[in-house]
Amino acid sequence: MINKDNSNINIESINTEELFFKESDLTSDSINTIVNDSLHNADDGELFVEYCESESFVFDDRKLKNASFDVSKGFGLRAIANEATGYAHSSDIDKASLKRASDTVSFITKNNKGNYNSSFNRTNKKLYSDLNPVNSVDFENKVKTLEEIDKYARSINPLVKQVSSSLSGEWQVVRIYRPDGLLVEDVRPLVRLNISVVLEKNGRLETGSRGVGGRVDYQKFLEEDYWKIQVDGALKQAEINLQSIDSPAGEMDVVLGSGFPGILLHEAIGHGLEGDFNRKKTSAFSNLIGEKIAHDSVTVVDDGTIDSRRGSLSIDDEGTPTSCTTLIENGILKGYMQDRHNSNLMGVSPTGNGRRESYAHAPMPRMTNTYMMSGDKEPEEIISSVKNGIYAVDFSGGQVDITSGKFVFSCTEAYKIVDGKIEQPVKGATLIGNGPDVLNRVSMVGNDSAMDTGIGTCGKGGQSVPVGVGQPTMLVNDLTVGGTAR
């Protein structure tokens, strides 16, 4: 049992200031003085202070294999001078550590003219509850749920060889200080449930998985009716894969399903629309604002303002309110995702996309919830238009080169399409292409845009952050498919 008296602190019963400064010699006045001194010659910058509780439970082979709990806190101080950034961080939140950090970042700004960017927007909109999921449900109930998931999966399918499930929760409180006493704060819950099953039939093993998550507490995820839906989904995918045949290979029409297949959009296109790559002109989409880069039916947005979504933030990690940013509208490139640093250098406004993994990392432009808007076609119409192709429903991940836009993605659930009908499931299918090129190969966009189930994590520059992806059913013509059929 986790000792709540020692580390779990409920936002409703204690002021968040105690999380950071209990037993610290820092006061509001001393913080403001050091921040002002650190940044008076800077073009921009901030003090980011973080407190985070996190836990995870892994249940595998009928037993609890891992249970972990962690509390971390610290600060990161950033000063910007033109294109240079000074960053110092510490897990000790005290006057001496903050002063040393100030001395460090000041080397960046000592010869700078000091035209500090004081432009700053506030928001009062909260997109999620302050409730701490880590201490909202006791230890036994979380473990019992994972045990019941294991039992249920084995009880309804005799082919089950292995069941693995995990539950994780996080409660992050952040404060962002800027010069002249400006302070903003956010309290962020985050939970995730993952279920994976392995079925065996005639010596053949196949896997199926499902995951759900969001900026909520555990309540829904521990409800029997809800987690049973996830188990059923994982079993169904594994059963489908047991019937799969080797994937064909070659250039063919590919129908991407709605929801999580938006991960291809995220990787192959989304990263190329982040501000830093375009400021440095290393993106395949550099200098193309106002140009037609996709089919008329393609509209893509990055929206960090959706209530309780995994990628949503009331404010980003620089304190800027998140927004719904139109990236591509009716095939025309409209803009990029921006943090404060890159937007200032490019002469545009920040979009609320400045994100960092923790206090130990400087922010950079990152996606939140990136998705394609609905078109005007029925999904059935799209599928029926394909004579010979692949219907890709789920992915396990992929790789992309930001500069060229080239990508490779592996399908975990896919089917052959023959004469407009979905036929056998296939295994071993990989999608190979180029992000900008794929945008021009889109020919039909469905009216069923949907978000993923809340499981996305994005890596960039050694940092990982939670994100959301989504799209409608979509037809891409003549995409290269790698397969295993001989």
Side-chain angles (χ1 to χ4, degrees), residues 2-39 45-55 69-79 87-102 105 118 120-136 169-190 215 217 313-322 352 354-363:
I2 296 171
N3 184 347
K4 295 181 180 179
D5 294 333
N6 200 12
S7 45
N8 288 318
I9 303 171
N10 195 319
I11 190 72
E12 297 173 353
S13 63
I14 189 168
N15 190 306
T16 56
E17 190 156 331
E18 294 190 38
L19 298 174
F20 304 117
F21 306 122
K22 186 178 181 180
E23 301 177 356
S24 172
D25 56 354
L26 284 169
T27 64
S28 294
D29 287 342
S30 62
I31 291 173
N32 288 329
T33 296
I34 296 174
V35 170
N36 287 336
D37 289 346
S38 304
L39 302 180
E46 73 287 311
L47 172 66
F48 178 89
V49 189
E50 176 190 25
Y51 173 91
C52 185
E53 295 181 14
S54 60
E55 66 177 3
F69 174 74
D70 181 67
V71 176
S72 63
K73 66 178 182 178
F75 71 83
L77 180 63
R78 179 177 66 152
Y87 196 75
H89 63 88
S90 173
S91 58
D92 295 321
I93 305 178
D94 55 39
K95 189 180 294 185
S97 297
L98 187 53
K99 186 63 173 66
R100 284 195 297 271
S102 175
V105 301
S118 58
F120 194 79
N121 294 325
R122 288 178 176 269
T123 180
N124 294 318
K125 184 177 181 182
K126 282 288 293 181
L127 302 176
Y128 28 78
S129 167
D130 287 345
L131 183 66
N132 183 351
V134 175
N135 68 7
S136 65
E170 180 180 293
W171 190 65
Q172 181 194 42
V173 184
V174 302
R175 278 190 166 190
I176 298 158
Y177 294 83
R178 293 174 61 81
D180 300 323
L182 182 61
L183 166 66
V184 292
E185 182 179 276
D186 197 17
V187 182
R188 306 165 176 171
L190 188 67
R215 292 200 178 277
D217 60 26
L313 294 169
S314 298
I315 57 174
D316 72 3
D317 294 324
E318 299 175 309
T320 305
T322 54
R355 305 191 63 187
R356 64 183 98 201
E357 181 176 323
S358 73
Y359 69 86
H361 304 84

(Q) Whether the side chain of Tyr87 engages the backbone of His361 through a donor-acceptor N/O pair (distance < 3.5 Å, no angle test) should be reported. (A) yes
Q: Could you grab the distance from atom CG of Leu190 to atom CD of Gln172, nearest 0.5 Å is fine?
A: 9.0 Å
(Q) Nearest 0.5 angstrom please: Arg356 CZ to Glu318 CD, how far? (A) 7.0 Å
(Q) Any heavy-atom pair between the side chains of Leu26 and Phe20 that's under 4.5 Å? (A) no
Q | Gap separating the CG atom of Asp217 from the CG atom of Asp130, nearest 0.5 angstrom | A | 12.0 Å
Q: Enter the distance from Leu98:CG to Leu77:CG here, rounded to the nearest 0.5 Å.
A: 6.0 Å
Q. Is the backbone N or O of Lys95 less than 3.5 Å from a side-chain atom of Asp25, with the two atoms forming a donor-acceptor pair by type?
A. yes
Q | Glu17, Glu46, Glu50 screened by salt bridge (Lys or Arg N to Asp or Glu O under 4.0 Å) with Arg175, the one that passes | A | Glu17
Q) Can you check whether Glu53 reaches Asn132 side chain to side chain, under 4.5 Å on heavy atoms? A) yes
Q. Do Val187 and Tyr51 have side-chain heavy atoms sitting under 4.5 Å apart?
A. no
Q. Taking only residues two or more places apart in sequence, or in another chain, which ones meet Lys99 in a salt bridge (Lys or Arg N to Asp or Glu O under 4.0 Å)?
A. Asp103
Q) Say you draw a straight line from CD1 of Ile315 to CD of Glu185; how long is it, rounded to the nearest 0.5 Å? A) 8.5 Å
**Q.** Residue pair Arg188 / Leu127, side-chain heavy-atom distance below 4.5 Å
**A.** no
Q: Could you tell me which residues satisfy side-chain hydrogen bond (donor to acceptor under 3.5 Å, both in side chains) with Thr27, sequence neighbours excluded, listed by chain and number?
A: Ser30
Q) So, do Ile34 and Leu47 sit near enough that their side-chain heavy atoms are less than 4.5 Å apart? A) no
Q) Listed by chain and number, what are the side-chain contact (heavy atoms from CB on, under 4.5 Å) partners of Ser97, not counting sequence neighbours? A) Phe75, Ser90, Asp92, Asp94, Arg100
Q) Rounded to the nearest 0.5 Å, how far does CG of Asn135 lie from CH2 of Trp171? A) 7.5 Å
(Q) Side chains of Lys73 and Leu19, heavy atoms from C-beta outward: is any pair under 4.5 Å? (A) no
Q) Is a donor on one side and an acceptor on the other found under 3.5 Å between the side chain of Lys125 and the backbone of Pro321? A) no
Q. Has the side chain of Asn36 got a donor or acceptor atom that lies under 3.5 Å from a matching backbone atom of Asp180?
A. yes
Q) Is a side-chain N or O of Ser91 found less than 3.5 angstrom from the main chain of Gly74, in a donor-acceptor match? A) no
